[in-house]
Student: 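Sharing a structure with you now.
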Amino acid sequence: MAFKLTWIGHASLGLETGSYQILIDPYFRNNPATKVDPDTVSADYILVTHGHGDHIGETVEIAKRTGATVISNAEICGWLRKKGVKVHAQHLGGGFTHPFGYLKLTLALHGSGLPDGSYGGNPAGLLLTTNDGEKIYMAGDTGLFGDMRLIGEEGLTLAVIPIGDNYTMGPSDALRAVHLLQPQHVIPIHYNTFDLIAQDAEAWAESVRTQTKAQAHVLKPGESFVHP
Ligand code: NI
Ligand code: MN
């Protein structure tokens with residue numbers, strides 16, 4: 001079964017698998033890279049990697065309007081539950097079989113404070129095994145870490161990784177990440193939203209193509225990668 005992954009912009013992703021519409025880190029209103037409207041976007045599930053404003057974004061209002069279940073770490077889910085959001089809490093290393101697939105939270109080297117200063121637990125990456133066995137790793141905001149090799153051992157169809165530098169891996173560490181993850185396909189995100197994270201994604205993709213076996217796909221915000 002195919003899946004379709006859309007880079008909405010910055011770190012916001014849309015994923016369609018089976019009949020499910022999933023939003024990841026839905027940050028729209030103050031996101032210069034997208035015009036997606038949080039008042040009309042649809043979602044069955046919302047996955048939140050960590051508490052920072054450019055990731056939790058409009059999670060609360062979209063979840064309340066759509067009735068989507070939010071999946072994140074226990075601390076963020078506790079914060080969301082108090083706001084009346086339907087949640088499913090997991091934590092690092094733990095997986096659960098949801099209707100759309102088996103989702104595991106993975107290590108991420110970053111912070112996770114929530115916009116109001118609340119404690120947001122540990123940041124996470126997301127490793128989804130779709131119902132037909134495709135493995136999609138969405139690293140979230142993270143620095144390079146050696147245990148990416150363990151994630152790669154799962155056999156990744158697609159890795160979605162940050163290359164923006166400053167807050168996350170930059171291009172050279174992201175290339176090292178591809179060596180560890182060994183995905184069939186890789187998509188760079190979390191760059192060019194702001195001057196501080198400006199990067200030449202095409203040059204990075206070319207380095208991936210020449211130095212690894214992965215197929216690098218540079219999307220424009222709003223563009224999709226469709227896996228048959
Ligand atoms: Ni962050
Ligand atoms: Mn971020």
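Just follow the structure's listing: the first ligand is 1, and inside any ligand the first atom is 1. Position 1 is the first residue of the sequence, and the numbers go up from there. A quick note: this is a predicted structure, and the numbers were derived from the prediction, not measured.
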Student: The Ni ion (ligand 1) is nearest to which N, O or S atom of His52?
Tutor: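 It is ND1 of His52.
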Student: If the cut-off is 2.8 Å, does any N/O/S atom of His55 fall short of it from the Ni ion (ligand 1)?
Tutor: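 Checking His55: none of its N, O or S atoms is under 2.8 Å.
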Student: Give the atom name of whichever N/O/S atom in Asp141 sits closest to the Ni ion (ligand 1).
Tutor: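 When I compare the N, O and S atoms of Asp141, OD2 is nearest to the Ni ion (ligand 1).
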Student: Is it the case that the side chains of His98 and Gln90 hold a donor-acceptor pair, with the cut-off being a distance below 3.5 Å and no angle test?
Tutor: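 There is such a pair (donor and acceptor under 3.5 Å, judged by atom type) between the side chains of Gln90 and His98.
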Student: Tell me whether Glu206 is salt-bridged to Arg209, with the criterion being a basic N under 4.0 Å from an acidic carboxylate O.
Tutor: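 Between Arg209 and Glu206 there is a salt bridge, with a charged N closer than 4.0 Å to a carboxylate O.
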Student: Between the Ni ion (ligand 1) and Asp54, is there an N, O or S atom separated by less than 2.8 Å?
Tutor: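 No, Asp54 does not qualify, because none of its backbone or side-chain N, O or S atoms lies under 2.8 Å.
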Student: Kindly compute the distance separating CZ (Phe194) from OH (Tyr167), expressed to the nearest 0.5 Å.
Tutor: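 Reported value, rounded in 0.5 Å steps: 7.5 Å.
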Student: For His110 and His50, take the angle between the two ring planes, folded into 0 to 90°, and tell me which bin it lands in: parallel under 30, tilted 30 to 60, perpendicular over 60.
Tutor: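 Answer is perpendicular, since the angle exceeds 60°.
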Student: Is the distance from the ring center of Tyr45 to that of His88 below 6.0 Å?
Tutor: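 No: the rings miss the under 6.0 Å criterion.
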Student: Just checking, is any N or O donor in the side chain of Asp25 or Ser12 under 3.5 Å from an acceptor N or O on the other one?
Tutor: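 Per modelled atom types, Asp25 and Ser12 side chains form no pair under 3.5 Å.
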Student: With no hydrogens and no angle check, do the side chains of Glu75 and His91 hold a donor and an acceptor under 3.5 Å apart?
Tutor: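 Yes, a side-chain donor-acceptor pair sits under 3.5 Å.
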Student: Relative to each other, are the rings of Phe225 and His185 parallel, tilted or perpendicular (30° and 60° limits)?
Tutor: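 Because their plane-to-plane angle lies in the 30° to 60° range, the rings of Phe225 and His185 count as tilted.
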Student: So what's near the Mn ion (ligand 2), protein N, O or S atoms under 2.8 Å?
Tutor: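 Near the Mn ion (ligand 2), the protein supplies Asp54 OD2, His55 NE2, Asp141 OD2, His190 NE2.
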